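Written below as structure tokens is the structure these notes are about.
Computed from a prediction, not measured in an experiment: that's the story for all the values here. Numbering of residues begins at 1 and proceeds along the displayed sequence.
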Amino acid sequence: MTREPPIDPALEQGYNLRLHRNDVDDVIAGWTERSAAFRKGADCRLDLSYDEGPRQRLDVFFSGTPDAPLLAFIHGGYWQRGDKSIYSFLAEPFLARGIDVALIGYPLCPQVSVTDIVASIRTALAWLWRQAPSLGLSQDRLHLSGHSAGGQLTAMALTTPWPELASELPADLIKTAVPISGIFDVAPLRHTSIGDALSLGAQEARDNSPSLLRPVGAAPLLVVLGNGETPAFHGQADHLITQWQGLGASMEKWAEPEVDHFDVLNRLAAADSALFKKVAAQVQTV
């Protein structure tokens with residue numbers, strides 16, 4: 001049977017990042033080991049259920065700082081792989097800086113759709129806002145970041161009219177956002193092997209492409225990627241900024257020098273990196 005739509009070789013090169021690195025599994029294994037070691041000594045609550053389902057859970061890490069800002073982070077994996085537990089290591093420098101961290105898990109394709117995942121992230125953020133007082137977290141200092149697919153999910157969260165989901169939710173539930181290496185127009189993935197598990201139709205792709213939607217509110221946005229990422233990812237970041245410029249939010253692009261799609265997360269976890277300092281400073285302004 002002929003694949004529809006057919007794979008576009010140029011788009012496959014732009015988005016299939018395993019074609020550019022043969023050590024991706026080793027990188028992820030290293031993050032997993034590092035995260036497991038970090039959790040052993042961290043002040044945290046793990047696997048808090050925000051909705052029904054085995055993957056609708058989140059982990060919270062506490063800095064011990066009164067009224068600390070809270071950074072929620074959404075992992076990547078092209079909406080079809082990965083787990084929040086792999087990324088615990090990202091919390092360490094933020095805790096030392098006096099910032100609490102929540103890592104959000106979510107169900108994966110093909111068991112669910114991208115639309116379902118977007119809804120799960122919205123449910124998780126609303127749950128986190130509601131439960132913040134009982135968890136000892138700041139309800140009014142919630143910030144959001146995510147990597148790769150998590151970057152798209154971060155931007156989609158900014159298009160959410162929160163009071164329409166539930167009247168008690170504030171319109172400015174998310175104070176600032178940092179999408180990292182995100183895909184903000186998902187339609188090109190329909191023409192790659194990555195799209196096989198996503199089963200995106202044309203309309204669903206449009207509905208889940210934040211660069212084709214409008215942000216709600218004026219949360220400042222720091223759009224991050226590695227300077228060494230493929231032109232496809234640079235184009236995605238530039239397109240989001242172009243489309244959202246002038247719609248209320250202040251926007252900045254930051255290309256972390258000398259890193260690619262994967263190593264940019266190592267910089268986020270390094271307290272002496274320019275990227276970490278920029279993200280921490282943004283989170284602590286509100």
[atom1]-[atom2] distance between [X] and [Y], expressed to the nearest 0.5 angstrom:
| X | Y | atom1 | atom2 | value |
| --- | --- | --- | --- | --- |
| Leu240 | Lys253 | CG | NZ | 11.0 Å |
| Leu71 | Ile99 | CG | CD1 | 7.0 Å |
| Gln80 | Ile117 | CD | CD1 | 9.0 Å |
| Ser120 | Ile104 | OG | CD1 | 10.5 Å |
| Ser145 | Leu222 | OG | CG | 8.5 Å |
| Ile194 | Leu17 | CD1 | CG | 6.5 Å |

Treating Ile, Leu, Val, Met, Phe, Trp and Tyr as nodes and any side-chain heavy-atom pair under 4.5 angstrom as an edge, say whether [X] and [Y] lie in one connected cluster.
| X | Y | answer |
| --- | --- | --- |
| Val118 | Val216 | no |
| Leu19 | Ile28 | no |
| Val286 | Val224 | no |
| Leu247 | Leu144 | yes |

Quick one: does any side-chain atom of [X] pair with a main-chain N or O of [Y] as donor and acceptor, under 3.5 Å?
| X | Y | value |
| --- | --- | --- |
| Gln13 | Leu11 | no |
| Trp244 | Leu213 | yes |
| Ser273 | Leu268 | no |
| Thr230 | Gly14 | yes |
| Asp260 | Asp263 | yes |
| Arg190 | Leu200 | yes |
| His143 | Lys175 | no |
| His234 | Asn227 | yes |
| Arg55 | Tyr106 | yes |
| Ser63 | Thr65 | yes |

[X] versus [Y], closest heavy-atom pair with distance:
| X | Y | value |
| --- | --- | --- |
| Ala232 | Tyr15 | CB-CZ, 3.7 Å |
| Val264 | Leu225 | CG2-C, 4.2 Å |
| Met156 | Pro210 | SD-CD, 3.6 Å |
| Met251 | Ile241 | CE-CA, 3.6 Å |
| Thr192 | Leu189 | OG1-O, 2.9 Å |
| Glu204 | Ser113 | OE2-CB, 3.5 Å |

Do you know which of Ile183, Asn208, Val112 makes side-chain contact (heavy atoms from CB on, under 4.5 Å) with Trp79?
Ile183
Aromatic rings Phe262 and Trp31: how do their planes relate, parallel, tilted or perpendicular, breaks at 30° and 60°?
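Correct class here is tilted.
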For the residue pair [X] and [Y], establish whether any side-chain heavy-atom pair is separated by less than 4.5 Å.
| X | Y | value |
| --- | --- | --- |
| Ile174 | Leu125 | yes |
| Leu135 | Leu48 | yes |
| His239 | Leu212 | yes |
| Leu158 | Leu221 | yes |
| Phe38 | Glu33 | no |
| Leu198 | Pro110 | no |
| Thr115 | Asp207 | no |
| Leu169 | Trp129 | yes |

Please test Leu58 against Leu46 for side chain to side chain contact (heavy atoms under 4.5 Å, CB included), starting from the C-alpha separation and ending with a verdict.
CA-CA 7 Å; Leu58 54 81; Leu46 306 178; over 6 Å; no
Between the side chains of [X] and [Y], does any donor sit under 3.5 Å from an acceptor?
| X | Y | answer |
| --- | --- | --- |
| Asp185 | Ser211 | no |
| Gln152 | Tyr78 | no |
| Ser49 | Gln56 | no |
| Trp162 | Glu164 | no |
| Arg141 | Thr176 | no |
| Arg97 | Gln284 | yes |

Counting only heavy atoms not in [X] (residues, nucleotides, ligands), do more than 12 fall under 6.0 Å from its [atom1]?
| X | atom1 | answer |
| --- | --- | --- |
| Glu168 | CD | yes |
| Glu258 | CD | no |
| Arg21 | CZ | yes |
| Arg45 | CZ | no |

Could you walk me through whether His20 and His261 pass the ring pair (Phe, Tyr, Trp, His ring centres under 6.0 Å) test, one step at a time?
CA-CA 10 Å; His20 304 278; His261 188 86; over 10 Å; no
Residues pairing under salt bridge (Lys or Arg N to Asp or Glu O under 4.0 Å) where one sits in residues 273-285, two or more places apart or in two chains, turn out to be Glu252-Lys278
Assess the residue pair Leu103 and Ser88 against the criterion (side chain to side chain contact (heavy atoms under 4.5 Å, CB included)); give the C-alpha distance rounded to whole Å, side-chain angles, the decisive distance to 0.1 Å, and a yes or no.
CA-CA 7 Å; Leu103 300 177; Ser88 304; 4.1 Å; yes
Would Asp25 and Arg18 count as a salt bridge (Lys or Arg N to Asp or Glu O under 4.0 Å) here? Give the steps.
CA-CA 9 Å; Asp25 291 334; Arg18 289 175 177 261; 3.1 Å; yes
Lys84: which residues meet the side chain to side chain donor-acceptor pair (under 3.5 Å) condition with it, sequence neighbours left out?
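Applying side chain to side chain donor-acceptor pair (under 3.5 Å) to Lys84 gives Asp47, Asp59.
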Output all residues satisfying ring-ring contact (aromatic ring centres under 6.0 Å, His included) with Phe62, sequence neighbours left out; order by chain, then residue number.
none
Per the ring pair (Phe, Tyr, Trp, His ring centres under 6.0 Å) rule, which among Phe61, Phe276, Tyr87 passes with Phe94?
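Of the listed options, the one satisfying the test is Phe276.
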Report the C-alpha distance between Asp140 and Ser138 in whole Å, list the side-chain angles of each, state the deciding distance to 0.1 Å, and finish with yes or no for side-chain hydrogen bond (donor to acceptor under 3.5 Å, both in side chains).
CA-CA 6 Å; Asp140 300 319; Ser138 176; 5.8 Å; no
